[in-house]
Amino acid sequence: MPPVTIRDVQTILTQPAGARLVVVKVLTSEPGLYGLGCATFTQRCFAVQAAIERHLKPFLIGRDVSRIEETWQMAMVHGYWRNGPVLNNAISGIDMALWDIKGKQAGMPLYQLLGGKCREAAAVYTHADGRDPQEVAENVQRFVAEGYRYVRVQMGGYGGRPGALVRPEGAPDGAYYDPRAYMRATLRMLEHVRATVGEEVELLHDVHERLQPIDAVQLAKDVERFRLFFLEDPLAPEDIAWFARIREQCATPLAMGELFNSPHEWRPLIEGRLIDFLRMHISQMGGITPARHVAAFAAMYGVRTAWHGPGDVSPVGHAANLHLDLWAPNFGVQEWCRFPELVYDMFPGTPEVRGGYMYPNDRPGLGIDIDEQLAARYPCADEVEWWTQARLPDGSPARP
Ligand code: MG
């Protein structure tokens, strides 16, 4: 029997709920058989589109859809320069679509191809924010009443609200924050939230790499008494050598990874048992194929998964997260962004969350589809991202 081959690759850009999403559709030589993948790099979505249409598509047409691993390995090296966010996302779109196709060919949900379920559903966490500690605590209690047992707590977004900043004369506009004021406010917030909601709610917090390394060490020590489920991105990828300093000082569980591009970034942290949770954005690391490899590697070291799951992961990417969650023996928790109804209409089969758990459907492959006509009614805007134009109090550029 001749192999089923790739007949066409289409890139679908849509913006139904804030973030610009990139979804790839791989069509095959078998009529009606296609797969979907997530290639969402929301801030550079048009660059990913060009990488797929102009570079990957000519490389892929006519290839055997069954050879996922070989296709991934060759796609990663045949541009010679590798491990960057644009190309990793582009490759992910293809990789997830090929896994989706394989599941459809087998008549099985993807988690079956990975090795079957370790659990019936994935425990999720969602995001509580607020203007003051009281409002954060109220929002945590609202989610707990809905059945969530894990809640991420922030106050005033990443880095907090700037308050009474004194900027130099002539300082440009931007998303200002004060790292040291953010540290102090976060401790006050956690103190109040823990005292209000009690010990039974698992609390998480995302530093979003907003601190100087030594301040991150101090914060990790200071929050130890609040028994967080994890403290996320206390350090930037450029500062990962500082994780050892945090480990020497406290037992606060650490999560890291949404910005990772390359095995050089995650391998030493896993081998050194310097973090506890992997937060990779599956499309950003290149798709299900590398995620499967790193999950198995991390399992050997007692490091758990907590894949990135905000609104700038497409529902196709959330479905990929879920299948990995159901399979991985070392699953920890799954981030969940609570999509509005429109997204469920646009992406039939989007995973459903009930009582703090995300459930799969029993359709083959990723179990998700896209209404392309509806997606076309919400085109991606040409816009310059604002929140990522972060600045320190003196106006100098900072990591968002
Ligand atoms: Mg994060």
Side-chain angles (χ1 to χ4, degrees), residues 2-15 19-105 110 261-262 281-291 312-317 319-320 346-347 365-366 368-376 378-380 382:
V4 176
T5 57
I6 297 174
R7 176 168 62 81
D8 195 12
V9 178
Q10 297 169 356
T11 315
I12 303 161
L13 271 66
T14 185
Q15 192 172 10
R20 298 181 290 187
L21 306 177
V22 184
V23 173
V24 174
K25 185 172 187 176
V26 173
L27 296 100
T28 73
S29 56
E30 190 173 305
L33 178 63
Y34 62 89
L36 296 178
C38 180
T40 300
F41 174 5
T42 195
Q43 291 87 354
R44 294 292 182 267
C45 56
F46 303 115
V48 175
Q49 181 181 34
I52 294 166
E53 298 286 337
R54 301 294 300 274
H55 297 292
L56 280 176
K57 182 174 163 176
F59 158 80
L60 289 163
I61 299 292
R63 284 179 175 265
D64 180 348
V65 297
S66 75
R67 300 178 61 155
I68 301 175
E69 186 75 43
E70 191 264 346
T71 300
W72 190 92
Q73 298 290 343
M74 186 55 77
M76 186 54 74
V77 298
H78 106 293
Y80 183 60
W81 277 281
R82 53 192 177 272
N83 296 323
V86 172
L87 283 169
N88 282 7
N89 270 285
I91 291 168
S92 165
I94 306 302
D95 180 74
M96 286 188 196
L98 293 180
W99 279 105
D100 191 24
I101 289 167
K102 196 177 280 294
K104 288 176 175 174
Q105 289 176 309
L110 177 63
N261 287 292
S262 160
H281 187 114
I282 299 297
S283 68
Q284 161 74 10
M285 71 184 301
I288 292 165
T289 293
D312 60 353
V313 170
S314 78
V316 178
M346 191 181 290
F347 292 92
L366 288 168
I368 192 162
D369 210 339
I370 183 168
D371 180 337
E372 292 184 60
Q373 286 183 328
L374 184 55
Y378 295 87
C380 286
D382 272 313

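Here the structure is a predicted model, which means the values were calculated and not measured.
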For Asp312, which residues count as a side-chain hydrogen bond (donor to acceptor under 3.5 Å, both in side chains) partner, sequence neighbours excluded?
none
Residues forming a side chain to side chain contact (heavy atoms under 4.5 Å, CB included) with Ala291, sequence neighbours excluded
Ile282, Met285, Trp307, Leu324
So which pairs with a foot in residues 33-50 pass side-chain hydrogen bond (donor to acceptor under 3.5 Å, both in side chains), sequence neighbours left out?
Tyr34-Asp369
Applying side chain to side chain contact (heavy atoms under 4.5 Å, CB included), can you list everything that pairs with Ala375, at least two apart in sequence or on another chain?
Ile12, Thr14, Met346, Ile370
At what distance, to the nearest 0.5 angstrom, does CZ of Arg7 lie from OG of Ser29?
8.5 Å
I need the full list of salt bridge (charged side-chain N to carboxylate O under 4.0 Å, His left out) pairs touching residues 63-79, with sequence neighbours left out, sorted by first then second residue.
Arg63-Glu70, Arg67-Glu70, Glu69-Arg292
Any side-chain heavy atom of Lys25 sitting closer than 4.5 Å to one from Leu27?
yes
Going by the rule side chain to side chain contact (heavy atoms under 4.5 Å, CB included), which residues pair with Ala97 if we only count those two or more places apart in sequence or in a different chain?
Val26
Residue pairs passing the ring pair (Phe, Tyr, Trp, His ring centres under 6.0 Å) test where at least one lies in residues 42-74, sequence neighbours excluded
Phe59-His78
Do Met76 and Asn83 pass the side-chain contact (heavy atoms from CB on, under 4.5 Å) test, and can you show the C-alpha distance, the side-chain angles, and the key distance before you say yes or no?
CA-CA 8 Å; Met76 186 54 74; Asn83 296 323; 4.1 Å; yes
Restricting to salt bridge (charged side-chain N to carboxylate O under 4.0 Å, His left out), what partner residues turn up for Lys102, sequence neighbours left out?
none
Sorted by chain and residue number, the salt bridge (charged side-chain N to carboxylate O under 4.0 Å, His left out) partners of Asp8 (sequence neighbours excluded) come out as Lys57
How many angstroms lie between atom CG of Leu56 and atom CD1 of Ile6, to the nearest 0.5 angstrom?
10.0 Å
Check: Leu21 and Pro315 side chains under 4.5 Å, non-hydrogen atoms
yes
Do the side chains of Val313 and His281 get nearer than 4.5 Å, heavy atoms only?
yes
Show your reasoning for whether side-chain contact (heavy atoms from CB on, under 4.5 Å) applies to Trp99 and Leu366.
CA-CA 8 Å; Trp99 279 105; Leu366 288 168; 5.8 Å; no
Could you walk me through whether Gln10 and Val23 satisfy the side-chain contact (heavy atoms from CB on, under 4.5 Å) test, starting with their C-alpha distance in whole Å, then the side-chain angles of each, then the deciding distance to 0.1 Å, before giving a yes or no?
CA-CA 8 Å; Gln10 297 169 356; Val23 173; over 6 Å; no
Can you find a pair of side-chain heavy atoms, one from Val9 and one from Glu53, that are under 4.5 Å apart?
no
So do the side chains of Ile68 and Ile288 get within less than 4.5 Å of each other, counting heavy atoms only?
no
Residue pairs involving residues 91-101 (criterion salt bridge (charged side-chain N to carboxylate O under 4.0 Å, His left out); sequence neighbours excluded):
Asp100-Lys104
Is any side-chain heavy atom of Leu36 closer than 4.5 Å to one of Phe347?
no
Partners of Ser314 by side-chain hydrogen bond (donor to acceptor under 3.5 Å, both in side chains), sequence neighbours excluded?
none
Smallest separation among heavy atoms of Ala39 and Ile52, with atom names:
CB-CD1, 4.2 Å
Would Ile91 and Thr289 count as a side-chain contact (heavy atoms from CB on, under 4.5 Å) here? Give the steps.
CA-CA 10 Å; Ile91 291 168; Thr289 293; over 6 Å; no
Straight-line distance of Cys38 SG to Asn89 CG, nearest 0.5 Å
7.0 Å
With side chains defined as the heavy atoms from C-beta onward, is the minimum distance between Met74 and Thr71 less than 4.5 Å?
no
To check you understand the geometry: which heavy-atom pair defines the closest contact between Ile368 and Ala319, and what is its length?
CG2-CB, 4.2 Å
I'd like to check the side chain to side chain contact (heavy atoms under 4.5 Å, CB included) partners of Glu30; sequence neighbours left out, ordered by chain and number.
Val4, Thr28, Leu33
